[in-house]
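Residues: numbered from 1 along the sequence shown.
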Amino acid sequence: RRRALYIIIDRRGKYMQIVLDQEKLKILQDKSKLLSYLNTAFTKTYFSIGDGKFILFFKGVKGAAKFVIPIEKATEKACVFQIDYSKWLNALAKFNIFTNAIYVTLTEKSLTLKAAGGMTGVISLGIIPYDSDSPEVDVLNNFIESNWKEDKKITINEDIVDAISISLSVLTPASKNNAIALTQNSVLYADRSIVLKSFCSIPPLPADCPVEMHRYSAGFILQAWKQNPEFFFSSDFSTINWKSSDGMLSCILAGEPCEIVIPTEEEIQAIKPKGNASITIEDHRDLVHALELFNGFYEASVWKPIKFTLTKNKGLQLEYKHPTIEIQKDLEVPVSEDGDFILSSENLSKLLDKASEKNNWEGVPVVFQYDEESLGVSCSIGAYFDVIFAKLST
């Protein structure tokens, strides 16, 4: 027997009631993580029941999102109202794990949830209703439809998702930068501690410059791409238009002002090591295992600093020192010139772990280039990442 979300209208006009059955509760659950992410950016949440639909609508300065579930056998005029979205989510969660259906009853003053099957307990949420000719109702009905644009399409794949994800992971609260940059063949992030290129192919982009993307917009792509990998952008890439494959959720997301320093090639060359001093670790997993020895011992440090000491004809020693502890780990690798530097093992470990995932847990080479004078240490990890780590002070 087919299950449905349906609506009951009291003939005296005092209330409306919808039944969220198992199928519809699963739809809400599947969309809940993405809806919660969207909710962080929007200031108003509206609901609409009637006209054959149950609608959840977010609106704010960043745009809007509209989630529509069809309601069978419902022809009465829609009622639009506002409630606290976090309380709505919490109310659903209280009943969803115990029941196959939830009765949702709308009156002039409240929205009441009660589980089917005789389970005791009722939750009533106060509402703010809107007249049919109010601006809120007009926005709910027309904003997405009248502002929808499909200027440029990018189909997101797993390589792009990985590149965006790792780039966001090295973006620290201590940095003022709030964005990443998309280029033809990479996702780029840069601040005073790191310059990272995560390689992937992202057509079609302007060939002459990177496209800056606010971290919130990038995070939205990570949340939404599995429900539909096709994202439409405005001509300047400042706005995202996206719709889930089932057609139930539509979003128009305007980007926030981006703060990111995109270094020029001259600036990159200025901080890169000069000369040919380098070491090559043939299997990055050896470095992963070496760094694991230090986990859990770092004291009061955001960066988790590791000192690399390179001795010709001897090899590489990793070292962490603190008044309460001292740890050393040797690696037998060819060293072309003596040298030493301190790097953030936190960011290095993130990149090494991601390389493992991307290469099916097989080893890839890691090459460090270094010298005494330069501000940074160059590092390439397989064909996946090019990095310049800032040298940390002791």
Checklist outcome for this item: Rounding to 0.5 Å, atoms CH2 (Trp225) and OG1 (Thr155) come to a distance of 11.5 Å
Checklist entry - How would you list, by chain and number, every residue that makes a side chain to side chain donor-acceptor pair (under 3.5 Å) with Asp138, sequence neighbours excluded? => result Asn142
Checklist entry - What distance separates Ile180 CD1 from Leu182 CG, expressed to the nearest 0.5 Å? => result 5.5 Å
Checklist entry - Run the salt bridge (charged side-chain N to carboxylate O under 4.0 Å, His left out) check on Lys354 and Glu357 step by step: do they pass? => result CA-CA 5 Å; Lys354 180 58 71 173; Glu357 293 177 22; 3.2 Å; yes
Item to check | Pair Tyr46, Glu136: side-chain N/O donor-acceptor within cut-off below 3.5 Å | outcome: no
For residues 270-278, which side-chain N or O atoms pair as donor and acceptor with protein atoms under 3.5 Å away, sequence neighbours left out?
from	atom 1	to	atom 2	distance (Å)
Lys274	NZ	Gln269	O	3.3
Lys274	NZ	Lys272	O	2.9

Next on the checklist: Gln227: which residues meet the side chain to side chain contact (heavy atoms under 4.5 Å, CB included) condition with it, sequence neighbours left out?
Outcome noted: Lys31, Leu34, Trp242, Ser244
Checklist outcome for this item: One should read off an interatomic distance between Glu292 CD and Leu287 CG, to the nearest 0.5 angstrom, of 10.0 Å
Checklist entry - Short question: side chain of Asn360, backbone of Glu362 - any donor-acceptor pair under 3.5 Å? => result no
Checklist entry - Between Asp340 and Tyr370, is any side-chain donor less than 3.5 angstrom from a side-chain acceptor? => result no
Checklist entry - Taking C-beta and beyond as the side chain, do Leu343 and Leu392 meet within less than 4.5 Å on heavy atoms? => result no
Checklist entry - With a 4.5 Å limit on heavy-atom distance, are the side chains of Lys24 and Lys26 in contact? => result no
Next on the checklist: If the test is side-chain contact (heavy atoms from CB on, under 4.5 Å), which one of Val387, Asp386, Ile388, Val187 qualifies with Leu196?
Outcome noted: Val387
Item to check | Glu259/Lys176 ion pair, N-O < 4.0 Å | outcome: no
Item to check | For Asp159, all residues meeting side chain to side chain donor-acceptor pair (under 3.5 Å), sequence neighbours excluded | outcome: none
Checklist entry - Which word best sums up how the rings of Phe341 and Phe368 line up, parallel for under 30°, tilted for 30 to 60°, or perpendicular for over 60°? => result tilted
Checklist entry - Does a donor on one side chain sit under 3.5 Å from an acceptor on the other, for Ser345 and Tyr298? => result yes
Next on the checklist: For Gln29, give me all partners under side chain to side chain donor-acceptor pair (under 3.5 Å), at least two apart in sequence or on another chain.
Outcome noted: none
Item to check | Distance-only side-chain donor-acceptor flag, Asp330 / Gln317, under 3.5 Å | outcome: yes
Next on the checklist: Is it the case that over 12 heavy atoms from other parts of the model lie below 6.0 angstrom from the NZ atom of Lys197?
Outcome noted: no
Next on the checklist: For Phe81 and Phe47, take the angle between the two ring planes, folded into 0 to 90°, and tell me which bin it lands in: parallel under 30, tilted 30 to 60, perpendicular over 60.
Outcome noted: parallel
Item to check | In one Ile/Leu/Val/Met/Phe/Trp/Tyr side-chain cluster, 4.5 Å: Phe143, Met248 | outcome: no
Checklist entry - Between Phe54 and Phe67, is the ring centre distance below 6.0 Å? => result no
Checklist entry - Between Val195 and Leu188, is any pair of side-chain heavy atoms under 4.5 Å apart? => result yes
Item to check | Connected via hydrophobic side-chain network under 4.5 Å: Leu140 and Tyr130 | outcome: yes
Checklist entry - When you look at CD of Glu230, are more than 12 heavy atoms from neighbouring residues, nucleotides or ligands closer to it than 6.0 Å? => result yes
Checklist entry - Would you say Lys62 and Phe42 make side-chain contact, with heavy atoms under 4.5 Å? => result yes
Checklist entry - Would you say the side-chain atoms of Asn90 pair up with the backbone N or O of Ser86, donor to acceptor, closer than 3.5 Å? => result no
Next on the checklist: Assess the residue pair Lys77 and Asp51 against the criterion (salt bridge (charged side-chain N to carboxylate O under 4.0 Å, His left out)); give the C-alpha distance rounded to whole Å, side-chain angles, the decisive distance to 0.1 Å, and a yes or no.
Outcome noted: CA-CA 5 Å; Lys77 191 173 183 179; Asp51 288 338; over 6 Å; no
Checklist entry - Between Phe233 and Phe231, how do the two ring planes meet: parallel, tilted or perpendicular, split at 30° and 60°? => result tilted
Checklist entry - Is there a donor-acceptor contact under 3.5 Å from the side chain of Ser134 to the main chain of Asp131? => result yes
Checklist entry - Lys314 and Glu332: salt bridge (charged side-chain N to carboxylate O under 4.0 Å, His left out), yes or no, with the steps? => result CA-CA 7 Å; Lys314 186 176 180 182; Glu332 294 183 4; over 6 Å; no
Checklist entry - Are there more than 12 heavy atoms of other residues, nucleotides or ligands under 6.0 Å from atom NZ of Lys391? => result yes
Checklist entry - Is the closest side-chain donor-acceptor distance between Gln17 and Thr105 under 3.5 Å? => result yes
Next on the checklist: For the residue pair Gln22 / Asn100, report whether a side-chain donor-acceptor contact shorter than 3.5 Å exists.
Outcome noted: yes
Checklist entry - Between Arg215 and Glu256, is there a side-chain N and carboxylate O pair less than 4.0 Å apart? => result no
Checklist entry - Do His284 and Val288 come close enough that some side-chain heavy atom pair is under 4.5 Å? => result yes
Checklist entry - Do Leu291 and Leu348 come within less than 4.5 Å of each other through their side chains, counting heavy atoms only? => result yes
Next on the checklist: Could you tell me if Ser356 and Asp353 have a donor-acceptor pair between their side chains, going purely by distance under 3.5 Å?
Outcome noted: no
Checklist entry - Below 4.5 Å, heavy atoms only, C-beta onward: do Ile166 and Asp162 meet side chain to side chain? => result no
Item to check | Lys/Arg-Asp/Glu bridge criterion (N-O < 4.0 Å) met for Asp283, Arg285 | outcome: yes
Next on the checklist: Other residues, nucleotides and ligands only: do more than 12 of their heavy atoms fall within 6.0 Å of CD on Glu372?
Outcome noted: no
Checklist entry - Of the options Leu35, Ile27, Leu56, which is the one that meets Leu249 in a side-chain contact (heavy atoms from CB on, under 4.5 Å)? => result Leu35
Checklist entry - Are side-chain heavy atoms of His322 and Phe297 found at a separation under 4.5 Å? => result no
Checklist entry - Any sub-3.5 Å donor-acceptor pair from Thr40's side-chain atoms to Tyr37's backbone N or O? => result yes
Checklist entry - Are Val170 and Val261 grouped together when hydrophobic residues (ILVMFWY) are joined by side-chain heavy atoms under 4.5 angstrom apart? => result no
Next on the checklist: Within the 3.5 Å criterion, strictly below it, is a donor on Tyr189 or Asp191 matched to an acceptor on the partner's side chain?
Outcome noted: yes
Next on the checklist: Could you tell me if Ser124 and Thr112 have a donor-acceptor pair between their side chains, going purely by distance under 3.5 Å?
Outcome noted: yes
Next on the checklist: Going by the rule side chain to side chain donor-acceptor pair (under 3.5 Å), which residues pair with Glu212 if we only count those two or more places apart in sequence or in a different chain?
Outcome noted: none
